[in-house]
2 protein chains.
Amino acid sequence: MPSIAAYAPIAPRLDREHFSISDLSAEFEVTPRALRFYEDEGLIAPERRGTQRIYSHRDRARLAWILRGKRVGFSLGEIREMIDLYDLGDGRRVQRDVTIARCRERIATLTAQKHDIDAAIEELNDFVALLEQTQAQKTR
Amino acid sequence: MPSIAAYAPIAPRLDREHFSISDLSAEFEVTPRALRFYEDEGLIAPERRGTQRIYSHRDRARLAWILRGKRVGFSLGEIREMIDLYDLGDGRRVQRDVTIARCRERIATLTAQKHDIDAAIEELNDFVALLEQTQAQKTR
DNA sequence: TGGTTAGTTGACGTTCACGTAAACCGGCGT
DNA sequence: ACGCCGGTTTACGTGAACGTCAACTAACCA
């Protein structure tokens, strides 16, 4: 029954030169459909052998970036922006200044998110403590 | 031109007994539509004076929770779950154990998110440093 | 009494991030 | 020769989280 348990995580074969779409979808637990979608949106651009996609290590690193960006709540559009920033390292001076500024903005929002997370964790911890305390009272 | 700059943040009047929908939408920079939507989804349940919603301090605190949950990437469904957990503090023992377990799960995913964010910040910092370095070289 | 302001309920539209078929192709295993 | 496997494109469907009208009401104000 290869229906629900598909796309399970598989140890990455980093010795490989390049990867197929199913290699990466297995390793990162995303569907091939998602990878093709990211390509349509301009987030990755693997080479082709004929019609088939072949992903390099660089593409793989990009994908890792994308998924981490998603996990921390960025939209695909925002992630593409950040990736594009990286590809601008050799741009002109003004462009590079803009890039630096955008990066700092990103860092600021990420830092704010960290504070939100800390606050949420704290509240949850307090709540758990409270629950365990009432439990201890009943046991007594 | 009250079109785009509407719903700007306004200092909370915490001396107030309760708040209108536009009070809260102004303070938290969300649209009234969003607040009504949260109510439809069972996230808040303000009282009514006739047909109009009147939000208590408790409702206001709830809303803060909701928005923080959103900022750290939770869906409204997940946030409703977490809120429901809070309202279960007086439940039975088994239920409370389940609640504690769910809280721990939440804390775990939040912690994982923090690591993701730290990694992203670090990479961005490295990249900014690299950009500033090439800039310094050109200036020299 | 008429007009403005703040609120209400539908109902439909929209964007994002894919899911889900349908139809096709090239290789290879027997 | 045949079928399957892994991959492809095109296209329409979907759930979440609202936006955007339209039509209505209740409160106040000159």
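The chains referred to below are lettered A, B, ... by the order of the sequence lines, with proteins before strands, and numbering in each begins at 1.
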Span of DNA chain D in contact with chain B (heavy atoms, under 4.0 Å): D:dA17 to D:dT20
Please produce a list of atom pairs where a protein N or O lies less than 3.5 Å from an N or O of nucleotides 5-7 of chain C.
| unit_1 | atom_1 | unit_2 | atom_2 | d |
| --- | --- | --- | --- | --- |
| C:dG7 | OP1 | B:S20 | OG | 3.0 |
| C:dG7 | OP1 | B:S22 | OG | 2.5 |
| C:dG7 | OP2 | B:S22 | OG | 2.7 |

Just by modelled atom types, is the B:E17 backbone N or O under 3.5 Å from a matching donor or acceptor in the B:H57 side chain? yes
Tell me which donor-acceptor pairs under 3.5 Å the side chains of residues 100-110 of chain A have, and how far apart each pair is, sequence neighbours excluded?
| unit_1 | atom_1 | unit_2 | atom_2 | d |
| --- | --- | --- | --- | --- |
| A:R102 | NH2 | A:E81 | OE1 | 2.5 |
| A:R104 | NH2 | B:E132 | OE2 | 2.5 |
| A:T109 | OG1 | A:R106 | O | 3.1 |

Just to be sure I understand the geometry, which residues of residues 65-78 of chain A put a non-hydrogen atom under 4.0 Å away from DNA chain C? A:K70, A:S75, A:L76
Do B:R36 and B:I21 touch side chain to side chain, with heavy atoms closer than 4.5 Å? yes
Hey, does the side chain of A:Q113 reach the backbone of A:V72 with a donor-acceptor pair shorter than 3.5 angstrom? yes
Give me each pair satisfying ring-ring contact (aromatic ring centres under 6.0 Å, His included) with a member in residues 58-84 of chain B, each pair once, sequence neighbours excluded. B:W65-B:Y86
Excluding sequence neighbours, so at least two apart, what forms salt bridge (Lys or Arg N to Asp or Glu O under 4.0 Å) with A:E123? B:R68
Quick note, ring-ring contact (aromatic ring centres under 6.0 Å, His included) partners involving residues 98-118 of chain A, not counting sequence neighbours, are none
All salt bridge (Lys or Arg N to Asp or Glu O under 4.0 Å) counterparts of B:K70, not counting sequence neighbours: none
Using a heavy-atom cut-off of under 4.0 Å over every strand shown, decide if A:R49 touches base, sugar-phosphate, or nothing. nothing
With sequence neighbours excluded, residues passing side chain to side chain contact (heavy atoms under 4.5 Å, CB included) with A:L67: A:F28, A:V30, A:Y38, A:L63, A:R71
Ion pair present between B:R16 and B:D23, side-chain N to carboxylate O less than 4.0 angstrom? yes
For A:N125, which residues count as a side-chain hydrogen bond (donor to acceptor under 3.5 Å, both in side chains) partner, sequence neighbours excluded? none
Can you give the donor-acceptor pairs under 3.5 Å from side chains of residues 46-56 of chain A to other protein atoms, not counting sequence neighbours?
| unit_1 | atom_1 | unit_2 | atom_2 | d |
| --- | --- | --- | --- | --- |
| A:R48 | NH1 | A:T51 | O | 2.7 |
| A:R48 | NH2 | A:E39 | OE2 | 3.0 |
| A:R53 | NE | A:E39 | OE1 | 2.5 |
| A:S56 | OG | A:R58 | N | 3.3 |
| A:S56 | OG | A:D59 | N | 3.2 |
| A:S56 | OG | A:D59 | OD2 | 3.2 |

Interface residues of residues 37-45 of chain A with DNA chain C (non-hydrogen, below 4.0 angstrom): A:F37, A:Y38
